[in-house]
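Since the structure comes first, as structure tokens, the remarks are kept for the end.
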Amino acid sequence: DLDAETGRSFEILSRNDAGSVGFLRTDNRTNVLLSRARHGMIILGNAGMLEFHAMKRAKQHPQKKPGMWKPVIDLLRKHKRLLPGLPIFCSNHPQFKSLACTPSDFDRYAVDG
């Protein structure tokens, strides 16, 4: 829980039909999440859901800013840091690289674990 920990923080966004981002809908919590990394950061999540939430928020509250995620995602895209999946490779065969985009990709690309 980001409120309870500093240094190592984990947040899970689950896919849902409502497009709810839960904890990350609050700008100050998003700011804390994005500003705590000391050496680097890996964010696993659904960029489309975060963008959808930002657009939905902008339509519902035009007087407010659309939220922090839209500019963050735009910046990640600009610098080619937004990937459609998780890069994976075998430590015994590092020349074989794949991009896991779905849970079943792990079974397909890592047959022996």
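Residue indices begin at 1 and follow the sequence shown.
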Would you check if there is a donor-acceptor pair between the side chains of Asp107 and Ser104 at a distance under 3.5 Å? no
Closest non-hydrogen contact found for Asn46 with Met49 is OD1-N, 2.9 Å
Atom pairs and distances, side-chain donor-acceptor, residues 80-94, under 3.5 Å, sequence neighbours left out:
none

Joint cluster assignment, Tyr109 & Phe106, ILVMFWY side-chain distance < 4.5 Å: yes
Can you measure from NZ (Lys56) to NE2 (His61) and round to the nearest 0.5 angstrom? 9.5 Å
Salt bridge between Arg77 and Glu51, side-chain N to carboxylate O under 4.0 Å? yes
Quick one, Trp69 with Asp74, criterion side-chain contact (heavy atoms from CB on, under 4.5 Å). Give me CA distance, side-chain angles, the key distance, then yes/no. CA-CA 8 Å; Trp69 282 110; Asp74 289 346; over 6 Å; no
Among the clusters formed by ILVMFWY side chains lying less than 4.5 Å apart, do Leu34 and Ile73 turn up in the same one? yes
